[in-house]
Enquirer: 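Okay, here's the structure, questions in a sec.
This structure is a prediction, so every number in the text was calculated from the model and none was measured. Chain naming here is simple, since letters A, B, ... match the order of the sequence lines and numbering starts at 1 in each.
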Amino acid sequence: MDKNLHDIDDFFRAGLEGNEASPSASVKESLLAILDKRDAEIYRKKSSRWKRAALLMLFLLAGFIIYESSIFKIDNRDPGQRELSKSTVAGDPVGDKNEDDATPGQSNQDKKDEVIQKRNTPTFESGHVGKEKIDPFAEVGDKILKGNKFIPAKPGTNETVAERQNNFIAKTRPPVLQTKENSLPATNAENSIPDYEGETIGSNTVLSNKSESRIVAGLPQTLFPVASLSDKKFKMSGYMDSIVNSDLIKTSFTKIHHFKPYWTITGLAAYDRVNYKLDSDMPSNITSIGHREVHEPSYSAGLLATRQIKQRWGLQTGFIYSNNAIGISSQKIYALQDPAGDIAYKYITSSGYAYIKPGFGPPPAFGDSINSTEAKHTLHSVGIPLIVKHTIGKNKLLLIPGIGIEANFITRAKLTTEIEDASNRETVFINKLNGAKSFYWSFTADAELKYLVNKKIAFSLRPVFRYALTAITDNNVVETFPYSMGAGLGLTYQF
Amino acid sequence: MTDLEQHLIRGCIAGERVFQSKLYDHFAPRMMGVCIRYAKSREEAEEILLEGFLRVFTYIKKFRGTGSFEGWIRRIMVNCALQRYRNTTNLYAVLPLDAGKPDAITHPDTYSNLGKKELALLVQSLPAGYRIVFNLYVFEGFKHHEIAGALSISEGTSKSNLHDARAILQKALNGKKNLVHFK
């Protein structure tokens, strides 16, 4: 019985092994329809992903620009301080100069009191008004100090240097403290000097303002507001000599920088060594293409604009044209059906493929092969980088490293080769590759070494590294991620 | 693996519809022959074939190229059939069998005039559980413990199902009773 049963196994195996049956046409139609639908879904998801990434990048970039830009910087001071600073900027401290501008029926003293009453704190701080950083001392220095010397006394006056100094500062230095009506400590009626001993004004403490006093902390600006505007009762001469000539004032002159954002334009040309990372689920594809293709020296050139937002930080953009050359060794190519339905030889490269129809011999049949000779393949692309730059160094030699992303547009993919059979040979020019994307993202990092010839012109040496974040191929046998190392020379002009 | 198959695979990995169509045209008849053995009808076989090719195009990137490509596709088809079977039926005998031993087959040559289509119909006529076990054992070369693992049954059940399948087929071949035809 067993033997018979096993005979049945052999009988059916022999009878049905290799059995073929034609499925109905509807199966293929259904299959292709499902594949189309699935591809559409994948494309939609991919597109949506890129849109989200682009939006995120946009928001990050906008946030960075807003953060770095002083245009939108919030003035945290109270309104009184802001008004005070404005009047200082205009060279119009509330004082005698404004007498002519007073509205009819309003005395100068009234005007001063009105403005002063708006102030909430008895301190004066340098700060920002609009784009400009204001320092009251700088203004004083510009007007009356030149090489630490005061301007000469007015003819016919007997003012001492100290008195002139005090008077000038009292006029130009905006008052902060109150008038008589306000709640300042009671003034000393005898010498009209308010008794601020032990009072805290702003962040500083006046130990005594009647004799040889000292300011414990902070710049002497704290002391100026103590002066009363209307009667100049505050006696400051004793302090001012020491203050104006002190290191504190000198420090305040040297420490303040008025940085203004500016643009620079850099023209550059670079020699690049390009290579790529291939990705495929079939290692044989990677191996065969990798062995077949050799990257040749390439070059890039471009124009970059840098916006120096801060003294050390800048944003760089522009465009860079790249020409990448690839040599391809000879190979055998096979005939397949092209998207138009014709049979043609398929030429596959790392950046795409093309169908070749030779002008000689009979039309190829599916699966036919032909030899191609060595080929020259060039990829032309334009990159638009967005790079954050950081400046290191102070003198003529600066190191400016930067990192960022680059949007790359492949403008042209050209391939030149020859195909040959036993008796014919033909040169083939391919100007468009299938399976190649026209756009890809890349990461870019550079370390610019800049030599400042003068304030406007600089030369730079710019090593740069780029790595593709997205593949340059689509629907090709491999996914190709190019990367390059380059060394460029640049000429920079500052506006 | 032939050069043609390599090119077809590359094209399918790239997602090119032309290559997918060519691959289907190239392997569909053979795979349909496999699916028919696992299905109870032609319609069911076509459903298995469709599902199988969808899996082929989805997972073709995972084909390492080390073995036979046709064997890889065939394995996918068999897995689809098993999956379908697991989702719809169980593996217990559904047909009454004669208690006695099956009639002996005189000689396979006696039935040499039977065509592949008739043989396929005989296999299709088996109850689902018997059919699956018979196919796995006879055509795919599975051992009983492998069948048991694939179908989540015991080895004893697998042996029993195979024995019963053989008995039914033997009877059918001998033109005896309990032959079921599905057209």
Side-chain angles (χ1 to χ4, degrees), chain A residues 1-24 26-32 34-36 38-39 42 280-285 288 332-341 346 348 352-353 366-367 369 434-435 473-479, chain B residues 3-4 6-11 13-22 24-25 28-37 42 45-46 49-50 53-54 57-58 60-65 101-102 104-105 107-108 111 114-117 119-120 122-123 134 137-139 163 166-167 169-170 173:
Chain A
M1 184 188 86
D2 288 344
K3 183 178 183 304
N4 288 329
L5 289 176
H6 287 295
D7 285 343
I8 281 187
D9 290 356
D10 296 335
F11 177 70
F12 275 91
R13 193 180 295 120
L16 289 177
E17 194 67 64
N19 180 34
E20 291 189 5
S22 295
S24 61
S26 64
V27 178
K28 187 176 178 181
E29 288 171 9
S30 302
L31 178 68
L32 295 179
I34 292 170
L35 289 172
D36 285 341
R38 203 166 59 179
D39 283 359
I42 291 170
S280 172
D281 288 324
M282 295 189 69
S284 59
N285 287 337
S288 60
K332 183 180 279 189
I333 56 177
Y334 293 88
L336 294 164
Q337 193 173 31
D338 66 13
K346 187 175 183 180
I348 300 172
Y353 59 88
F366 194 86
S369 64
N434 299 312
T473 52
D474 191 16
N475 293 333
N476 196 18
V477 294
V478 290
E479 283 189 318
Chain B
D3 287 342
L4 178 62
Q6 276 189 346
H7 278 279
L8 288 175
I9 292 167
R10 285 175 187 168
I13 288 173
E16 289 190 40
R17 198 66 77 240
V18 175
F19 289 90
Q20 289 171 337
S21 176
K22 282 286 172 193
Y24 175 85
D25 292 341
R30 269 173 278 177
M31 294 307 124
M32 185 65 183
V34 173
C35 294
I36 276 179
R37 283 193 279 107
R42 184 180 176 83
E46 287 183 344
L49 184 77
L50 175 63
F53 269 104
L54 279 174
F57 294 138
T58 303
I60 197 166
K61 289 179 182 176
K62 295 190 175 178
F63 177 64
R64 294 291 167 189
K101 66 177 185 180
I105 187 170
H107 194 276
Y111 307 97
L114 282 174
K116 290 185 175 182
K117 190 175 179 181
L119 289 177
L122 282 177
V123 176
F134 183 77
Y137 187 87
V138 174
F139 295 101
H163 180 269
R166 284 169 174 164
L169 290 173
Q170 197 162 2
L173 284 173

Enquirer: Check A:L16 against B:A120 and note the closest heavy-atom contact, atom names and distance.
Expert: CD2-N, 3.6 Å
Enquirer: What's the spacing between A:L35 CG and B:F57 CZ if we round to 0.5 Å?
Expert: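 Taking CG in A:L35 and CZ in B:F57, the distance rounds to 6.0 Å.
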Enquirer: At what distance, to the nearest 0.5 angstrom, does CD of B:E46 lie from OG of A:S30?
Expert: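 So the CD of B:E46 and the OG of A:S30 are separated by 9.0 Å.
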Enquirer: Which bit of B:L8 is near chain A, if near means a heavy-atom gap under 4.5 Å: side chain, backbone, both or neither?
Expert: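 The side chain, not the backbone.
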Enquirer: Name all residues meeting the ring-ring contact (aromatic ring centres under 6.0 Å, His included) criterion together with B:F63; count only those two or more places apart in sequence or in a different chain, and write none if there are none.
Expert: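 Once residues adjacent in sequence are excluded, the partners of B:F63 under the ring-ring contact (aromatic ring centres under 6.0 Å, His included) criterion are B:F69, B:W72.
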Enquirer: Among B:M31, B:Q6, B:R17, B:Q20, which residue has the highest count of heavy-atom pairs closer than 4.5 Å to chain A?
Expert: B:R17
Enquirer: On a heavy-atom basis, which atom in A:I34 and which in B:L50 lie closest, and how many Å separate them?
Expert: CD1-CD2, 4.3 Å
Enquirer: Please state whether the side chain, the backbone, both or neither of A:D39 comes within less than 4.5 Å of a heavy atom of chain B.
Expert: side chain
Enquirer: When you look at A:V27 and B:M32, which way does the side-chain contact (heavy atoms from CB on, under 4.5 Å) test go after all the steps?
Expert: CA-CA 11 Å; A:V27 178; B:M32 185 65 183; over 6 Å; no
Enquirer: How many angstroms lie between atom CZ of B:R166 and atom CD1 of A:I8, to the nearest 0.5 angstrom?
Expert: 8.5 Å
Enquirer: Just how far is it from atom CZ of A:F11 to atom CG of B:L173, taken to the nearest 0.5 Å?
Expert: 5.5 Å
Enquirer: Can you name the residues that form a salt bridge (Lys or Arg N to Asp or Glu O under 4.0 Å) with A:K346, not counting sequence neighbours?
Expert: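 Checked A:K346 against salt bridge (Lys or Arg N to Asp or Glu O under 4.0 Å); matches are B:E16.
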Enquirer: Need one label for B:L54: side chain, backbone, both or neither, based on atoms under 4.5 Å from any heavy atom in chain A.
Expert: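 Its backbone and side chain both get close to chain A.
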Enquirer: Between B:G33, B:G11, B:A14, who has the most heavy-atom pairs with chain A when the cutoff is under 4.5 Å?
Expert: B:A14
Enquirer: Name the region of B:L4, side chain, backbone, both or neither, that has any atom closer than 4.5 Å to a heavy atom of chain A.
Expert: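 The side chain, not the backbone.
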Enquirer: Identify the heavy atoms of B:Y24 and A:S24 that sit nearest to each other, and give their distance.
Expert: OH-O, 4.5 Å
Enquirer: Output the distance between atom NE2 (B:H7) and atom CD1 (A:I333), rounded to the nearest 0.5 Å.
Expert: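 If I round to the nearest 0.5 Å, the distance is 9.0 Å.
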Enquirer: For B:R42 versus A:P23, what's the shortest heavy-atom pair and its separation?
Expert: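 Here B:R42 and A:P23 meet closest at NH2-CA, 3.8 Å.
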Enquirer: In terms of heavy-atom pairs under 4.5 Å with chain B, which of A:N476, A:L32, A:L336, A:I348 leads?
Expert: A:L336
Enquirer: Shortest non-hydrogen contact from B:S21 to A:K28?
Expert: OG-NZ, 2.9 Å
Enquirer: Pair A:F12, B:L122 - check side-chain contact (heavy atoms from CB on, under 4.5 Å), show working.
Expert: CA-CA 10 Å; A:F12 275 91; B:L122 282 177; 4.0 Å; yes
Enquirer: Can you give me the closest heavy-atom contact between B:I36 and A:A21, atom names plus distance?
Expert: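 Closest pair (atom of B:I36, atom of A:A21, distance): CD1-CB, 3.7 Å.
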